[in-house]
Amino acid sequence: MRVLANQVHSQIPIHSEYGGVVPEIAARAHLEKIDPIVRLALQEASLPLEAVDQIAFTRGPGLLGPLLVGASFARALGRSLGKPVVGVNHLEGHLASAFLRDPALEPPFLCLVVSGGHTEFVKVEAGLDYTMVGKTRDDAAGEAFDKCGKILGLGYPAGPILARLAASGQRDFVLFPKALDSKDNFEFSFSGLKSAMLRYAASRPPEFIRNNLSHICASVESAIVDLLVKKSINALYATHMQVITVVGGVCANAYLRNRMQAEAEKRGFRALFPAQAYSGDNGAMIAAIGQWRAGRGLAQAELAVTPSLRWR
Ligand code: KG4
Ligand code: ZN
């Protein structure tokens, strides 16, 4: 599998003035950008539209408006070209970003999905058969990064900003709670961390927070990452897997990459991360899972093109 083009139009600047995604604005931006972005991708690949063999698009989970734009566009394109259209799952797309790193990767392996909406361990078996090993009971890891960063006034999305500040901070400056920290528990709970952050910030003068910002960020990052890494190692032992792939927006986090790699290698496990370009939401991972499924006769029928908002 080779990526010929990967064009991403980020909506972060559009939504940042509202401090979060505004669904209506997101849908309109999709509508405005989808045609130019397809043209740009073809230009980057130096291919005419007719050279496309198959079209994959995100069927869900997500927001209805943006999903409808993608589904309608993909179906119309497929019809006009006479080419098959495959509606794929967004999270399965993240999972496929690991195949882009290592095309020889074959199940079974363990996958940790860490994004803004999801934090879960999934056991991946042959034929892309999935078993949920454990997931978050409340907030996702990305959400924890974002909410803690927001309390510290870091802007949107706060996760990557917090991570940048954390790089020069002292990690044990604040000991934030680590929930569900027992060996055989593969669930997460990050809502307590957010509450602890709120209490911490509210009980100290703003100058103190400002002067110790990098230390506080490093402490938050450690509270989240230490738990992700420790539970990953325990889950590898418990599921008898040798390989863990870490995917979803939070996998861009450098501290997570370093710690996971070190702790896995120390025990003879392999931790695989997608390239940075395929860590956040991107089209290449959606194409990859579409091709992976079609290549193994697992593609969904063209009729399955209606968005699925809560698709597991
Ligand atoms: O997968 P993604 O791009 O979007 C979905 O949620 O589907 O993930 C976005 C999440 C956000 O919560 C963002 O703050 C977080 O990933 N994120 C990071 C970093 N880069 C993105 N969190 C921590 N450190 C980062 N470097
Ligand atoms: Zn995502």
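In this structure, L67 and T58 have side chains that are in contact, with non-hydrogen atoms separated by less than 4.5 Å. Inter-residue side-chain proximity for I14 and H9 is flagged as met; some heavy-atom pair is nearer than 4.5 Å. Counting only heavy atoms from C-beta outward, the side chains of L152 and C217 approach each other to under 4.5 Å. A 4.5 Å side-chain heavy-atom check between E120 and L91 finds at least one atom pair inside the cut-off. In this structure, the side chains of K194 and K147 come closer than 4.5 Å at one or more pairs of heavy atoms. With a 4.5 Å cut-off on side-chain heavy atoms, P61 and N89 count as touching. The shortest side-chain heavy-atom distance between D184 and S182 falls under the 4.5 Å cut-off. Side-chain contact between I216 and I209: present, with at least one pair of heavy atoms (C-beta onward) separated by less than 4.5 Å.
The main-chain N or O of F190 is found under 3.5 Å from a side-chain atom of D138 such that the two form a donor-acceptor pair. Looking only at distances, no side-chain donor or acceptor of R101 sits under 3.5 Å from a matching main-chain atom of S97. A donor-acceptor pair under 3.5 Å is absent between the side-chain atoms of T119 and the main chain of S115, judged by distance alone. The closest donor-acceptor contact from the side chain of Q54 to the backbone of G290 lies under 3.5 Å. Using modelled atom types, no side-chain atom of H118 and backbone atom of V114 make a donor-acceptor pair closer than 3.5 Å. In this structure, S219 contributes its side chain and V174 its backbone to a donor-acceptor pair below 3.5 Å. A distance-only check finds no donor-acceptor pair linking the side chain of E221 to the backbone of L162 [under 3.5 Å]. In this structure, the side chain of Q261 engages the main chain of A271 through a donor-acceptor pair within 3.5 Å.
Other residues, nucleotides and ligands contribute only 12 or fewer heavy atoms inside 6.0 Å of the CZ atom of R39. Summarising the local packing, CZ of R28 is surrounded by 12 or fewer heavy atoms from other residues, nucleotides or ligands at distances under 6.0 Å. The neighbour count for K150 NZ, taken as heavy atoms of other residues, nucleotides or ligands under 6.0 Å away, does not exceed 12. In K135, the NZ atom is not crowded: 12 or fewer heavy atoms of neighbouring residues, nucleotides or ligands sit closer than 6.0 Å. Remark: E207 CD is packed, more than 12 non-hydrogen atoms of other residues, nucleotides or ligands lying under 6.0 Å away.
Cation-pi check for R270 over F109 is not met; the charged atom does not lie both under 6.0 angstrom from the ring centroid and within 45 degrees of its normal. Cation-pi geometry between K231 and F188 is satisfied (NZ or CZ under 6.0 Å from the ring centre, within 45° of the ring normal). Cation-pi contact between R210 and F208: absent, since separation from the ring centre below 6.0 Å together with deviation from the ring axis within 45° is not met.
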Open item on the list: Would E143 and S191 count as a side-chain contact (heavy atoms from CB on, under 4.5 Å) here? Give the steps.
Closed with: CA-CA 9 Å; E143 212 174 342; S191 63; over 6 Å; no

TODO: Verify side-chain contact (heavy atoms from CB on, under 4.5 Å) between L95 and M285, making sure each step is shown before the conclusion.
DONE: CA-CA 8 Å; L95 189 128; M285 71 185 196; over 6 Å; no

- [ ] Evaluate salt bridge (Lys or Arg N to Asp or Glu O under 4.0 Å) for D226 paired with R171, printing each intermediate quantity in order.
- [x] CA-CA 11 Å; D226 290 353; R171 301 206 170 266; over 6 Å; no

Task: Chi angles and distances behind the side-chain hydrogen bond (donor to acceptor under 3.5 Å, both in side chains) call for Y130, E125 - done: CA-CA 6 Å; Y130 303 119; E125 281 164 300; over 6 Å; no

Task: side-chain contact (heavy atoms from CB on, under 4.5 Å) assessment of C148 paired with L193 - done: CA-CA 8 Å; C148 289; L193 171 62; 4.0 Å; yes

- [ ] Decide side-chain contact (heavy atoms from CB on, under 4.5 Å) for T245 and L112; before the verdict, give the C-alpha distance in whole Å, the side-chain angles of both, and the deciding distance to 0.1 Å.
- [x] CA-CA 6 Å; T245 61; L112 170 63; over 6 Å; no

- [ ] Could you check S214 against R164 for side-chain hydrogen bond (donor to acceptor under 3.5 Å, both in side chains), going step by step and ending with a plain yes or no?
- [x] CA-CA 9 Å; S214 67; R164 227 171 16 252; over 6 Å; no

TODO: Give the C-alpha distance, both sets of side-chain angles, the deciding distance and a yes or no for salt bridge (Lys or Arg N to Asp or Glu O under 4.0 Å) between R293 and E92.
DONE: CA-CA 10 Å; R293 282 197 161 273; E92 203 180 21; 2.8 Å; yes

- [ ] With side-chain hydrogen bond (donor to acceptor under 3.5 Å, both in side chains) as the test, would you mind laying out the steps for Q7 and N282 before giving the verdict?
- [x] CA-CA 8 Å; Q7 291 286 335; N282 68 89; over 6 Å; no

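Classification of the F173-H215 ring pair by plane angle, with boundaries at 30° and 60°, yields tilted. Between F121 and F186, the angle of the ring planes goes over 60°, which puts this pair in the perpendicular group of the 30/60° scheme. Below 30°, between 30° and 60°, or above 60°: for H90 and H94 the angle between ring planes is above 60°, a perpendicular geometry.
At a threshold of 4.5 Å between side-chain heavy atoms, the hydrophobic network of Ile, Leu, Val, Met, Phe, Trp and Tyr places L228 and M197 in one connected group. When hydrophobic clusters are built by joining Ile, Leu, Val, Met, Phe, Trp and Tyr residues whose side-chain heavy atoms come closer than 4.5 Å, directly or via intermediates, Y278 is not grouped with L256. In the hydrophobic clustering of ILVMFWY residues, with side-chain heavy atoms under 4.5 Å counting as a link, L272 and V246 come out apart.
Note that the CD1 atom of I289 and the CG atom of L128 stand 5.0 Å from one another [nearest 0.5 Å]. Note that the OG atom of S232 and the CG atom of L110 stand 7.0 Å from one another [nearest 0.5 Å].
Salt-bridge check for R267 with E263: passed, with a basic side-chain N closer than 4.0 Å to an acidic carboxylate O.
Residues A223 and F176 approach most closely at CB-CB, 3.9 Å, considering heavy atoms.
Side chains of N6 and E44: no donor on one and acceptor on the other come within 3.5 Å.
Aromatic ring centres of Y156 and Y18: separated by at least 6.0 Å.
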